[in-house]
Amino acid sequence: MKRVITCISCPKGCRLEIEADGKAFVSVSGNKCPRGAEYARRETEAPLRVLTTCVLTRGLDIKMLPVRTSGPIPLERLAEAAAAVRRLTVTTPVKAGAVVAADLLGLGVDLVACRRAGKP
Amino acid sequence: MRRELVIVGGGPAGMAAALAARAAGVRDVLLLERDSCLGGILNQCIHPGFGLHYFKQELTGPEYAGRFADLVRQDPGIEVSLNSFVSKLDGSLELSYLRPGALVDVKAGAVILATGCRERTREMITIPGMRPAGVFPAGLAQKMVNIEGWLPGTEAVIAGSGDIGLIMARRLTLEGVKVKAVVEIKPEPSGLARNVAQCLDDFGIPLYLRHRISFIHGADRVSKVTVSRVAENGSDEPGSSFDIACDTVLVSVGLIPENELLEMAGGAVDRRNNTPVSAGVNLTSVPGLFACGNAFKVYDLADSVTADSALAGRLAAEYLGASPSPEEPV
Ligand code: SF4
């Protein structure tokens, strides 16, 4: 079956024409670079996304701490992971890159701070 | 007080200009930022997509800003003044800025305006209807959610498919807000295709192309919007209208460069898009006064802002007669 999607791996946003048999990837065209082919395969087998969101802080100099997952997680679990992050609060200073929550939801990725947060 | 180079705005443009000016031999840079931290708009752009050109790595906005902020802070030749708002600039490059507890007057050798842009509003595209609470520019909503930590509402419709609107459709969805539609008057989305894919398609948010919000309803708070299909001649197609219940409307219809200081200094501004009238990239009509980043023209990518703004730093250095290695003049 043919399917047309947009590659999200870079701002060029190539239109990828994917030939696949259900979740079995067959071939792709339209990608301007090899990362597009890799994206097409992953997108057919099991789409993955990096989650970026914010964690509420208490007693720090910024109110919301931007965070990301250390690696991509399954797209279908993005909403669940974001909801889990909404239940967290950070109360101690963190450096950019610090782990805010290890092994988020058992997905094998950490939640990492994208900027520092200090005492006010 | 005399300063060699004053840069107004500590976002990606101002930071890149400051670092490039230093590298080109400027000894004294004063970087003025009205917010309480460096980074500008990138601090609220918490999504990934930054740095692919510049760092060959996909970073979030705060991470991208943080890399430059670290370099700026480590440079003894750059003085960063936060919470500092420039209230006056004239054509001889005398300026005044307010910071907590002081009004400071400076005579600058050269000035770079890196003041960014602001959002077009509902009024600028005239969406008919009532005037209830709950209508926000998309970038303001982004600041509310990502910096202040409040949600603008519970059910939203987004007018316009600019990148900020698309990004906010995903952002609100992840925060538990129901985003019911993105409505775009043009036949094509105006944001990047990748943002349509990863912000709308991923979450099944409908995109209505060639449609517009033809009425906003609500007494105190938005209660619903009427959406209509737009015919070739620009009018609403009869019988095409339908209502969507919502309490929030985000407006994402583009950006306008912020150039009040340039005007104050007597610089020429093109009224059509509020950009400096210019003989070349980063130049203004006032000698010694440069503009870069979104204040010069609205960019799609922060990486391009960084690249072009570095040029502004070098132009200012050249204007000031600075040279990278004074011991060995080139
Ligand atoms: S295929 Fe390559 S060039 Fe095209 S969008 Fe994907 S990553 Fe970018």
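The sequence lines fix the lettering, A, B, ..., with proteins before strands; numbering per chain opens at 1.
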Nearest-0.5 Å distance, CD1 of residue I167(B) to OG1 of residue T52(A): 8.0 Å
Atom pair NZ/CD1 of K63(A) and I147(B) - distance to nearest 0.5 Å: 11.0 Å
Side-chain heavy atoms of L174(B) within contact of L51(A), under 4.5 Å: yes
Minimum-distance pair of heavy atoms, taken over all atoms of I8(A) and Q198(B): CD1-OE1, 3.4 Å
Heavy-atom proximity to chain A below 4.5 Å, by part of R171(B): side chain
Spatial distance of atom CD1 (I62(A)) from atom CG (N43(B)) [nearest 0.5 Å]: 8.0 Å
Derivation and outcome, side chain to side chain donor-acceptor pair (under 3.5 Å), residues E175(B) and T53(A): CA-CA 8 Å; E175(B) 289 296 340; T53(A) 182; 3.2 Å; yes
Min side-chain heavy-atom separation I46(B)-C114(A) under 4.5 Å: no
Among the listed options L192(B), L59(B), D303(B), T60(B), the residue most often paired with chain A at heavy-atom distances under 4.5 Å: T60(B)
Heavy atoms from other residues, nucleotides or ligands near CD of E188(B) exceed 12 (cutoff 6.0 Å): no
Minimum heavy-atom distance E58(B)-R68(A), with the two atoms named: O-NH1, 3.5 Å
Engaged part of R49(A) at the chain B interface, taking heavy atoms whose separation is under 4.5 Å: side chain
Exercise: identify the closest heavy-atom pair between C37(B) and R115(A): SG-NH2, 3.4 Å
Crowding at OH, Y54(B) (>12 non-hydrogen neighbours, <6.0 Å): no
When P66(A), G97(A), G13(A) are compared by non-hydrogen pairs under 4.5 Å with chain B, the top option: P66(A)
Which atom of S9(A) lies closest to which atom of L52(B), heavy atoms considered: O-CD1, 3.8 Å
Heavy atoms of other groups near R42(A) CZ, more than 12 under 6.0 Å: yes
T57(A) versus chain B, the contacting section by heavy-atom distance below 4.5 Å: neither
Per-residue contact mode, L78(A) against chain B (heavy atom under 4.5 angstrom): both
Heavy-atom neighbours of R118(B) CZ exceed 12 at 6.0 Å: yes
Contacting region of C7(A) [heavy-atom separation from chain B under 4.5 Å]: backbone
V196(B) portion near chain A, given a 4.5 angstrom heavy-atom threshold: neither
